[in-house]
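Just below is one structure, and these are the notes that go with it.
From a predicted model like this one, the values you see are computed outputs, not experimental measurements.
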Amino acid sequence: MQNQSLVFAVNGQRFELEKVDPSTTLLEFLRTQTRFTGAKLGCGEGGCGACVVLLGTYDPVSEQVEEFAISSCLTLIYSINFCSVTTAEGLGNAKDGFHSIHKRFSGFHASQCGFCTPGMCMSLYSALIKAEKSERPAPPSGFSKLTVTEAQKAISGNLCRCTGYRPIVDACKSFAADVDLEDLGLNAFWKKGENSASVEKLPSFTVASTFPEFLKSEIKSVLNCNSALPNGSVNGNKTQLDICFNAMPASLADDSWHYPKTVDNVYKLLNSKEFNGSMVKMVAGNTGSGVYKEDDLYDRFIDLKGIPELSSIKCDDKGIQIGATVTVSRAIEVLKEERKSLVFNKIAEHLTKVASEFVRNTASIGGNLILAQRKGLPSDIATALIAVDSTVCLQTDSKRLAVKLEEFLEMPPLMNHRTLLLSIHIPSWTSSPNSNSDTNGSVESKLLFETYRAAPRPLGNAVAYLNSAFLAHTSADKNSDHIIIDNLKLAFGAYGSAHAIRARDVEKLLIGKPCTSAILLEAIILLKKIIVPKQGTAHRAYRSSLAAAFLFDFLLPLCKDMKGIEELSLSNGPAPAENFDDSSGECFGNHDLLLSSKQLLSYGTQHRPIGGPTKKVGAELQSSGEAIYVDDIPSPKDCLFGAFIISTRPLARITDISFKATRATQKIITVISAADIPKGGGNIGCCNLLGVDPLFADSLAVHVGQPLGVVIAETQQFANMGAKQVLVDYSTEGLEPPILSMGEAVQRSSFFDVPPFFCPEQVGDFGKGMLEADHKILSAEITLPSQYYFYMETQTALAVPDEDNCMVVYSSTQFPEDTGVIIAKCLGVPVNNIRVITRRVGGGFGGKATKAVPVATACALAAYKLRRPVRMYVDRKTDMIMNAGRHPMNIKYSVGFKSDGKITALHIDLLIDAGIFLDYSPLIARSVIEALKKYNWGALSFDIKLCKTNLPSKSAMRAPGDLQGSFIAEAIIEHVASSLHIDTYLIRKKNLHSIESLEYYYREFETEASEYTLPSLFDKLVTSTIYSHRVTKIQILNSFSLWKKRGISCVPIVYPVTVRPTPGKVGILKDGSVVVEVGGIELGQGLWTKVKQMAAFSLGELWGNDIPDLLERIRVIQADTLSLIQGGWTAGSTTSESCCEAVRCACSVLVDRLKPLKDRLQEQTGSISWNNLIFQASLQSVNLSASTLWVPDEGSNRYLNYGAAVSEVEVDLLTGATTILQTDIIYDCGQSLNPAVDLGQIEGAFVQGIGFFMCEEYLSNYDGLVISDGTWTYKIPTVDNIPKKFNVEILNSGHHKKRVLSSKASGEPPLLLAASVHCATREAIKAARANIFTNRSEEPNLVFQLQVPATMPVVKELCGLDNVERYLEASIAAQQS
């Protein structure tokens, strides 16, 4: 066979590859073989959007270019022959000028850590291109054809852990033709509230094809265009790649990658000698590798996309036949083109919820169905197609056959490639059923079709708990008022079964019968016996209840006997009969509500540019992908890569480590373990508050996920794959069983001893307080889970050996100083041999503190041993298993209170799961209690135990301990309110501190009456949000809405912070530019921005009120542990202000040095510019460098932060879905150093809190091994989970003389306010529970604990898993009475 090179373009640059490993993904190629850094690796699963790029294909016949977003981490490099790839820097960059998307993301303050931003920009650009190519009318000047709804959905598949999405949505909406610019949030283009919004003020919008002309010419020259039309195209339905594939070489990559042109060619390859004994992979879109990870490397790849028969689409009166390699996105387009078909359009709409658009653009219909058949993929596509009697065409070695899709799924799994799926046929459906029902006297047959899914994310990009699709033919009975079901198909999937199924017994029950409440109840009871998830499936009962809910929603409008039962009617009443075939269901809401927001900010002018909403430093660079993170640093010569081998057992001896005999094992160079630690060094991987933790397990693994060693290979892919080949022999002989829970720790008295100085102080006399109480709640219990950091950039480091046993380590860490110390101890060298450099971090949240140190240390050890550079980028699964997260807790409380709700005493028994090592845990108890103290409990006592378990050590995560403590307080308040049947707001209000009680509870903090703003801002929030009016309105809505209930809650916070000593260094260079170093790390929190503003203000004081424009002359540079020592930690929300004060002190030194010279020169010349002043200072040898270590005063290094939030939610009682309708926040920032930065911190923290309270399940198996280990199973909030109305006011609370320019922290405290969403959800559930027993003798139980997170199954269970049956029973009883 003749081999040819692989040819494609990246950002207009031609690439021709003669040989590259065919398992290489496009992302890996971009990141290792090009200079482009815009595509980031966030998950490797197609689940986060960090790697999104634009793929362009060219049709030389029509001369049309098609461009669309793809997930580059799933796209194999050989799939893009003759294609064009555009990354974020291909749209625009620092050298050629930034694109308007980059500028708008920057101007709308839509980038924080910046790691996700390039992918967001590419998703938006793809949506803009798609809209511009549509046939819509030309938009107003300056706008695109994109709609606001499309703009919002454009980034629905992209994850962001920093911003809270609101500013990203605003940046996207600014391009939309139907946007009201005045509704957009805070931005750098116009000042809010002055009616000055104008499209002319926005960076001009342009969309141009990125497909290079040279590649078009090359395609034309390689292809014979006149003869390249594929024979298989019908009605013009062909992919643009069909033409390219016709002229593709038979194989590439030394006969490893094959392009067959026919199905027969596929079988010739499979039957050839070359394929005998080979590991073969069939490739269409390769997106399945994001779900089912590959365990070994393949020998051969067969690319099926070049077979015309598999990519053709045929439409006729009988239906649509779709080739197996047709993408999901293309299938959606084809189905939508049949506008008159209810079935096709409903299926198309449902398919838009499958994965995300950048995955659907390459994922094939056939691949999805093959995975459903072979692997049990919970496929939405299979369920929808089964319901309409779709068939598939299969090819084996010797024959071709057509079978029902349902039969295909029931076949034994196709574990080899001898059977090919060729096409799928979706039949057309009309209003006439197959059977004639005239004998029943029925007329006017109607077609009904609907699809359903319940998933954590309404817009998609999440696996459904259950999906379903129902098709029915109905007619009205002449002899009665009933609707007869003439034909019915009920399909269910994704609920924990081997594959999607038809509920045929239920169909038989219903067909030919009138649809009544009684028959519907009978059908639902039968259905719940059929839809039974297999053992081990999470939320089994919930999934069965969803099946009942969906069937109920589908058939309820047909039940004419339900009319007239007003007390049981749905919120909007039964649907009119004429809308049956159009209705999306009365019980399920519209998830496409557009986001809106308001921001109320005060700008300081006293210390300009401090106090202004200055854009984040480097935001354009982050948007274009040019901002450099550790993994963006080019690999040095001879660089090797590492991947951890981790223990899968919680407590076991390691008797042997070996590897499977696989291709991947052959790629392993060596393994680094504890045995490789040099003499004089130590097995040290991390420091904790009271000692150190080991880097590797030696002979005994003491916790699941513990590193046993590091596999070293030539690439990161080979290292990761090599680590999967490990075979570890464990022995538990002579060992006690592991401790895997707090309960087991208590039983075996497994606790850490915590020194007394870490322990908080009790308040008052608990016994006396309980005697004063009118009511008591005793031993109530709360359990709080863990939460994973989900920084977008996983743990990463690069270690480069230097001369004289020195080492340069680039680490994504919040603790560079400690990282250097630990590496030195491990290697047995002085600390000055180790230089740790950190420029920026792609998200931290505490997870890049102690947890980053072992990664850097392991790289340094391997580099020291091998004398070659070694880098590691930990894959998402390993990161999630190793690095634990927030501390789980178990709380028992007893509380006494008066009849008016005044609490007199509270006792807490608190268990904290610390994991195996101490880490940050000794400080958690104090944080819990300090946050809990936000209310005046009268007397407060507690007993706290720090549990030692055989699980990974928990560490600090954003608002560590404070989040749990604040929520515990709210749970107790709500319990008291429920017991007394009093509004929780009144209980909260009654138990807020007076200034006297605040000073008593927080004796270690500076508390002045003028600074205690919580009571006033709490009142202001309640007044400004018309809280009381909304409560009344909600009560009215809940009284007549049966299937939707609303709740509202107002939550205050008190958040203590500590300011730590921090260094700063400022230097002025000869040209007048300024360089600044600080101890803090830029994590996305805007530290560099605030520091830059502070430097400009402080140096500008030389000019008094006439401040020169120094801001653009200042550059903040990366942290370097040998350049600026005593850098300390970047944690606790106060590092930005500490760094600012350190810089101000350093600038003051420089001002003092420069002022005499300035005064002299002014006397001589009358005026002097900044440049001349610095030039003269250099000539006169004035020291233009100053460094300081700022140490806060002992009495003012701790202070309190205040805020409050009101959230309103709506709960769907049939699915348990919670929609956050509105959130209003007021937060006291003192005098904000930068309102734009602080606003981003407030919104981002709040949304991260939504994740903890509502949707993030961090689950483990029976051995404690994390099973929520990727984007497939762990769901952080996306744009469709945030409040639909999101309003924030930053309170300027005036002068605080002991704060840095009167500013206060904003990074962590707002996270606690997300409890308002949880509390509001609880109120909605209370309203639901009040109705559950309306028609029964039992009294509703309104005192209950709402689990954290309050996921859909949790909410549904509390609302009643059998609420549909109860409703129907009540309906039947009402009819009979």
Side-chain angles (χ1 to χ4, degrees), residues 21-25 27-28 41 43-47 71 73-78 253 256-257 275 277-302 367-368 370-378 413-417 641-649 656-671 704-705 707-730 794 872-882 1261 1263 1265-1273:
D21 190 303
S23 65
T24 302
T25 65
L27 178 63
E28 183 183 0
L41 175 58
C43 67
E45 300 174 332
S71 183
C73 73
L74 301 179
T75 304
L76 294 175
I77 189 70
Y78 276 101
S256 294
W257 188 281
F275 273 66
S278 295
M279 284 188 64
V280 180
K281 179 166 187 173
M282 299 286 190
V283 178
N286 196 50
T287 55
S289 64
V291 183
Y292 302 103
K293 308 297 190 302
E294 290 161 359
D295 294 325
D296 198 5
L297 301 170
Y298 289 90
D299 298 284
R300 308 274 180 176
F301 296 78
I302 299 178
N368 182 280
I370 286 288
L371 288 176
Q373 201 275 346
R374 181 183 298 168
K375 300 276 193 179
L377 175 76
L414 303 176
M415 301 314 293
N416 60 42
H417 302 298
F641 296 77
F644 281 114
I645 302 169
I646 57 175
S647 172
T648 57
R649 301 283 290 276
D656 184 56
I657 297 179
S658 59
F659 292 86
K660 304 171 190 173
T662 62
R663 283 173 53 83
T665 296
Q666 298 171 19
K667 302 293 185 179
I668 297 174
I669 293 175
T670 189
V671 175
V704 67
L708 308 181
V710 175
V711 167
I712 302 296
E714 292 284 354
T715 70
Q716 190 67 64
Q717 181 201 10
F718 290 161
N720 292 346
M721 193 68 79
K724 291 182 179 181
Q725 311 310 308
V726 70
L727 298 170
V728 181
D729 290 336
Y730 298 100
T794 60
M872 190 185 306
Y873 192 85
V874 180
D875 69 274
R876 180 64 69 179
K877 178 175 181 175
T878 304
D879 196 289
M880 295 190 75
I881 291 172
M882 286 179 57
N1261 67 9
D1263 270 335
L1265 184 69
V1266 169
I1267 55 175
S1268 298
D1269 55 9
T1271 56
W1272 185 250
T1273 51

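- Heavy-atom contacts from other residues, nucleotides or ligands closer than 6.0 Å to NZ of Lys660 number more than 12.
- Separating the CD1 atom in Ile302 from the CZ atom in Phe275 is a distance of 4.0 Å, to the nearest 0.5 Å.
- For the pair Tyr298 (side chain) and Pro22 (backbone), a donor-acceptor distance under 3.5 Å is absent.
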Side chain to side chain contact (heavy atoms under 4.5 Å, CB included) assessment of Ser647 paired with Val704: CA-CA 5 Å; Ser647 172; Val704 67; 5.6 Å; no
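- Contact of the Val710 side chain with the Val671 side chain is not registered, since no non-hydrogen atoms from C-beta on lie closer than 4.5 Å.
- Asn286 places no side-chain N or O within donor-acceptor distance of the main-chain N or O of Thr75, the cut-off being under 3.5 Å.
- Across every non-hydrogen atom of Tyr873 and Gln716, the tightest pair is N-OE1, 3.0 Å.
- Met882 places a side-chain heavy atom less than 4.5 Å from the side chain of Phe644.
- Here CG of Leu297 is found 8.0 Å from CE of Met279. Values are rounded to the nearest 0.5 Å.
- For Asp295 against Met721, the heavy-atom pair with the smallest separation is C-SD, 3.4 Å.
- Using a 4.5 Å heavy-atom threshold, the side chains of Leu727 and Ser658 count as touching.
- Contact record, Gly642 with Ala719: C-CB, 3.9 Å, taken as the closest heavy-atom pair.
- Ser23 and Gln717 are linked by a side-chain donor-acceptor pair at a separation below 3.5 angstrom, with hydrogens and angles left out of the test.
- Considering every non-hydrogen atom in both Gln373 and Pro413, the closest pair reads OE1-CA, 3.5 Å.
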Test side chain to side chain contact (heavy atoms under 4.5 Å, CB included) applied to Tyr78 and Val283, step by step: CA-CA 10 Å; Tyr78 276 101; Val283 178; over 6 Å; no
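- Put simply, OG1 on Thr715 and CD on Glu28 are 5.5 Å apart, with the number rounded to the nearest 0.5 Å.
- Environment of NZ in Lys877: sparse, with no more than 12 heavy atoms of neighbouring residues, nucleotides or ligands closer than 6.0 Å.
- Panel note: side chain Arg876, backbone Gly1270; no donor-acceptor pair is recorded below 3.5 Å.
- Side-chain contact between Val711 and Phe659: present, with at least one pair of heavy atoms (C-beta onward) separated by less than 4.5 Å.
- Counting heavy atoms from C-beta outward, Leu708 and Ile657 have side chains that approach closer than 4.5 Å.
- Formation of a donor-acceptor pair under 3.5 Å by the Thr1273 side chain with backbone atoms of Asp1269 is found in this model.
- Summarising the geometry, atom CG belonging to Asp656 is positioned 5.0 Å from atom CG belonging to Asp729; distances are rounded to the nearest 0.5 Å.
- The OH atom of Tyr292 lies 11.5 Å from the OG1 atom of Thr287; values are rounded to the nearest 0.5 Å.
- When each of Val874, Leu1265, Asp875 is paired with Ile881, the side chain to side chain contact (heavy atoms under 4.5 Å, CB included) condition holds for Leu1265 and for no other.
- Under the 4.5 Å side-chain criterion, counting only non-hydrogen atoms from C-beta, Phe718 is not in contact with Ile669.
- Note that the OG1 atom of Thr25 and the CG atom of Leu76 stand 7.5 Å from one another [nearest 0.5 Å].
- Between Glu294 and Ser289, the closest heavy-atom pair is OE2-CB, 3.9 Å.
- In summary, the side chains of Glu45 and Thr1271 do present a donor paired with an acceptor at a separation below 3.5 Å, with no hydrogens or angles considered.
- Closest non-hydrogen pair, Asp1263 versus Arg649, comes out as OD2-CD, 4.1 Å.
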